[in-house]
Chemist: 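Would you mind keeping the following structure in view while I ask a few things?
In this text, all values refer to a predicted model and were calculated from it rather than measured experimentally.
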Amino acid sequence: MMQRALELAEAAAAMGEVPVGAVVYELATGKITAEAHNRREVDRDPSAHAELLAIREAARVVGGWRLTSYGLAVTLEPCAMCSGLIVNARVGRLVFGATDPKAGFCGSLGNITNDPRLNHRVLAVGGVLAEESGVLLKAFFKARRGGGRGLGTKST
C-alpha cells in the first residue's frame with residue numbers, strides 16, 4: 001500500500017503539489033477502496049490533503065463513514081486536521097512513511113490518533129518506506145526553493 005501511496009505522491013509532485021499520497025484499503029483483503037494525492041493547489045482548497053480526499057472517497061464507496069475495517073497508508077505523517085479525521089472516521093489502522101516534525105500529529109507534535117481522551121484510537125505505524133517518502137519530499141522542496149528543475153517545480 002505504501003508503494004502505491006508513493007506513486008500517488010509522485011503524481012502530486014508532477015502537478016506542483018506537495019508530494020503526499022494516500023491509500024484506503026480493506027484490512028482483511030488488502031483490496032484498495034480509495035486513493036488520492038494532495039490537491040490543494042489544483043483545487044485551490046486548503047483542506048484538499050491526500051488523507052482527507054481518500055477517506056472521503058472511501059466513505060462514499062463503502063456507503064458509510066465508519067471505516068473500522070479499513071487501513072490508511074500515507075507517505076507523510078498526518079497533520080492535526082487529518083489525524084482528527086482519521087479518528088472521526090474510525091480508521092482501523094494507519095501506516096505512514098516520513099515523520100513531519102513541523103506539522104505531524106501522530107507522534108511528532110502531538111498524538112491525536114492515540115489520545116486516550118478520545119473515543120477511538122488508531123493503531124499507527126510510522127517509518128514505513130520513510131526514506132523513499134523523505135527523498136521525494138526533499139527533492140520537491142529543493143526544486144521549489146530554486147535548487148533545480150526537478151520534481152514539483154512550479155513557475156509562479
Chemist: Drop me the distance from Leu76's CG to Asp100's CG, to the nearest 0.5 angstrom.
Modeler: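 It comes to 4.5 Å.
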Chemist: So which atom in Ala5 and which in Val23 form the shortest heavy-atom distance, rounded to 0.1 Å?
Modeler: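 The pair with the smallest heavy-atom distance is N-CG2, 3.8 Å.
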Chemist: Between Glu26 (side chain) and Thr33 (backbone), is there a donor-acceptor pair under 3.5 Å?
Modeler: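 Side chain of Glu26 to backbone of Thr33, a donor-acceptor pair under 3.5 Å: no, none is there.
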Chemist: Rounded to the nearest 0.5 Å, what separation is found between the CZ atom of Phe105 and the CE atom of Met81?
Modeler: 12.5 Å
Chemist: Do any N or O atoms from the side chain of Arg90 and from the backbone of Asn88 form a donor-acceptor pair under 3.5 angstrom?
Modeler: yes
Chemist: Does any non-hydrogen side-chain atom of Gln3 lie less than 4.5 Å from one of Glu132?
Modeler: no
Chemist: Mark yes or no for whether Glu77, through its side chain, and Ser108, through its backbone, hold a donor-acceptor pair below 3.5 Å.
Modeler: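 Such a contact is found between Glu77 side chain and Ser108 backbone.
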Chemist: Taking the side chain as everything from C-beta on, heavy atoms only, tell me whether Met1 gets closer than 4.5 Å to Val128.
Modeler: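 Sidechains of Val128 and Met1: no contact.
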Chemist: Could you walk me through whether Asp115 and Thr113 pass the side-chain hydrogen bond (donor to acceptor under 3.5 Å, both in side chains) test, one step at a time?
Modeler: CA-CA 6 Å; Asp115 190 317; Thr113 55; over 6 Å; no
Chemist: Is a donor on one side and an acceptor on the other found under 3.5 Å between the side chain of His120 and the backbone of Val91?
Modeler: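 Side chain of His120 to backbone of Val91, a donor-acceptor pair under 3.5 Å: yes, one is there.
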Chemist: Where do Leu52 and Leu85 come nearest, in terms of heavy atoms and distance?
Modeler: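 Nearest pair, atom of Leu52 first, then Leu85: CA-CD2, 3.5 Å.
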Chemist: For a 4.5 angstrom cut-off between non-hydrogen side-chain atoms, does Leu137 reach Pro19?
Modeler: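 In short, these two side chains touch, coming nearer than 4.5 Å.
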Chemist: Under 3.5 Å, side chain of Thr75 to main-chain N/O of Gly21, donor-acceptor pair present?
Modeler: yes
Chemist: Ignoring hydrogens and angles, tell me if any N or O in the side chain of Asn114 forms a donor-acceptor pair with the backbone of Arg121 under 3.5 Å.
Modeler: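 No, because the side chain of Asn114 does not come within donor-acceptor range (under 3.5 Å) of the backbone of Arg121.
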